[in-house]
Number of protein chains: 2
Amino acid sequence: MTDRRARRHEATRREILDAAWRLARERGLTGWSLREVAAEVGMRAPSLYGYFRSKEAIYDAMFAEGSAQLLALADAVPREADPVDLLRAAAREFVDFCVADPPRYQLLFLRVVPGFAPSPASYALAEEVLERLRAILALAGVTSERAVDLWTALVTGLATQQVSNDPDGTRWSDLVDHAVDMFLASELATPR
Amino acid sequence: MTDRRARRHEATRREILDAAWRLARERGLTGWSLREVAAEVGMRAPSLYGYFRSKEAIYDAMFAEGSAQLLALADAVPREADPVDLLRAAAREFVDFCVADPPRYQLLFLRVVPGFAPSPASYALAEEVLERLRAILALAGVTSERAVDLWTALVTGLATQQVSNDPDGTRWSDLVDHAVDMFLASELATPR
DNA sequence: GAGGTTGACCTAACGCTGTTAGGTGTACGC
DNA sequence: GCGTACACCTAACAGCGTTAGGTCAACCTC
């Protein structure tokens, strides 16, 4: 049996992370303090340092977690559909993923936290997400690196506009299918 | 003659604003303190409050200034060219504008500063930028609100990816012409 | 079961942040 | 030349992330 101690430790880590997510959603990605997180789990701020080496380490764990969630989403994309439907679904799921949790989106894709950059381990997860994206696009016949870059610009652009300028509406989400059609018309016409 | 005092006051405001921009470019949009700005202009932090009501007011003045610069850029777009060339030039200038000064871009288009939202006066400037954009797109025959939204998503997406993921290269800037062609092929084919 | 160790948590404190209060001297308008 | 208004200062506040050092209970070993 793995140490009861170790399990308890992991559970407390989880509790801290959950509290951080909760506060980030309530007050904005950078709108919370360690003292608040500590209060949320019934501790004082310095005690958190037994679980995370710094506030940045908490952001890093959140980054890894968000990436893992997106990775799971990418793996759940159905493989047997029509390529157009496939990409439409993928784009829509991505934008919904972003809109559903704006702080998570900002942490993963915008460089919003002042000193923060993901650790190599966490960044590797983000790279793997990109790898899955490449695979999905390849299923639809889109393989060039330029096309992948254009895709990321397009879908993150839609997500950014939606989150920043119409957080409670669907003004840009509604454009996703149209944008995918535009993209595919252009990329599949000149397959190179 | 307008008060020498008033002129001197305005000059000091400028000096403070320039120092804030300089520090933002050096250390990131939110990576500077009032004490640093004050030191830069030979004062102590509390003295800045004679010129700006808060740090947020400095951000607001920066927001207004950035918007004015973008407005000037929009007004400089040549009106007599071929519509495709026009939009290509406009998109390229926009992305270059963003890449040239990432903190300015983040201030104007990402919601990066924790508590900050532009004042109504500053926001009006940003709205005017959008108005100019609509006019430019109309020159090329693009008039629907959905098409304008798709345009903003596309060009801000390119800019975001460029600034966030390849700040010193041209990986996404190089896609601007291609993206504009893709956009126009789609929007002009179905003109309604 | 007693003893020693380890780890969970605490208080106190550091240097930093934006901001306010209150004081001093000087440059200006009359 | 005088009185005022302004430019700037120091001191201080509460809050921030973080470190140092201490206390107490839970666990492992005998």
Side-chain angles (χ1 to χ4, degrees), chain A residues 1-21 23-24 26-63 103 107 112-117 119, chain B residues 1-21 23-24 26-63 103 107 112-117 119:
Chain A
M1 68 222 64
T2 57
D3 275 355
R4 290 188 45 209
R5 248 263 262 209
R7 264 190 326 209
R8 174 102 196 92
H9 191 86
E10 207 50 47
T12 305
R13 248 182 92 95
R14 252 274 47 91
E15 240 183 293
I16 292 168
L17 229 38
D18 287 341
W21 277 118
L23 286 166
E26 275 172 27
R27 311 230 237 284
L29 180 57
T30 60
W32 50 273
S33 70
L34 291 184
R35 283 166 175 83
E36 287 173 310
V37 173
E40 199 89 356
V41 301
M43 293 182 182
R44 306 305 175 91
S47 304
L48 299 178
Y49 283 76
Y51 300 91
F52 293 95
R53 280 181 21 250
S54 64
K55 188 180 188 181
E56 202 177 308
I58 297 183
Y59 278 122
D60 194 55
M62 292 168 81
F63 183 96
L107 178 61
V112 161
V113 184
F116 173 70
S119 65
Chain B
M1 64 224 62
T2 57
D3 277 355
R4 290 191 47 211
R5 218 103 95 163
R7 264 187 328 208
R8 175 104 196 88
H9 191 86
E10 206 51 44
T12 304
R13 250 183 90 96
R14 252 270 53 86
E15 240 182 292
I16 292 167
L17 228 37
D18 288 342
W21 278 118
L23 286 166
E26 276 174 26
R27 310 228 236 285
L29 180 57
T30 61
W32 51 273
S33 71
L34 291 183
R35 282 167 176 82
E36 286 173 310
V37 173
E40 199 88 355
V41 301
M43 292 182 183
R44 308 304 175 92
S47 305
L48 298 179
Y49 283 76
Y51 300 91
F52 292 94
R53 281 178 22 247
S54 65
K55 190 181 188 183
E56 201 177 309
I58 298 182
Y59 278 121
D60 194 56
M62 293 167 81
F63 183 96
L107 178 60
V112 163
V113 183
F116 173 70
S119 65

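Nothing here was measured: the structure is a model prediction, and the numbers come from that model. Just so we're on the same page: letters track the sequence lines, and every chain starts at 1.
- By the side chain to side chain donor-acceptor pair (under 3.5 Å) test, A:S119 is found to be paired with A:D60, A:S122, residues two or more places apart in sequence or in another chain being considered.
- At least one side-chain nitrogen or oxygen of B:S47 sits closer than 4.0 Å to the OP1 or OP2 atom of D:dC9.
- When rounded to the nearest whole Å, the span between CG of A:L48 and P of C:dT11 equals 13 Å.
- Phosphate contact (OP1/OP2 of D:dA7, side-chain N/O of B:H9, threshold under 4.0 Å): present.
- Pairs engaging residues 10-20 of chain A under the side-chain hydrogen bond (donor to acceptor under 3.5 Å, both in side chains) rule: A:R14-A:D18, A:R14-A:E65 [sequence neighbours left out].
- Residues passing the side-chain contact (heavy atoms from CB on, under 4.5 Å) test with B:A57, sequence neighbours excluded: B:F52, B:S54.
- Remark: A:L23 CG to A:S33 OG distance equals 8.0 Å, nearest 0.5 Å.
- For the pair A:R8 CZ and D:dA26 C1', the computed distance is 12 Å after rounding to whole Å.
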| remark: Its contact letters, B for base, S for sugar-phosphate only and - for none at protein heavy atoms under 4.0 Å, make nucleotides 16-26 of chain C read -BBBB------
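- Pairs of residues two or more places apart, or lying in two chains, that qualify as salt bridge (charged side-chain N to carboxylate O under 4.0 Å, His left out) and include a residue from residues 27-49 of chain B are B:R22-B:E40, B:R27-B:E36.
- Rounded to a whole Å, the OH atom of A:Y59 is 15 Å from the C1' atom of D:dT18.
- For C:dC9, the OP1/OP2 oxygens have a side-chain nitrogen or oxygen of A:Y51 closer than 4.0 Å.
- Partners of B:W21 by ring pair (Phe, Tyr, Trp, His ring centres under 6.0 Å), not counting sequence neighbours: none found.
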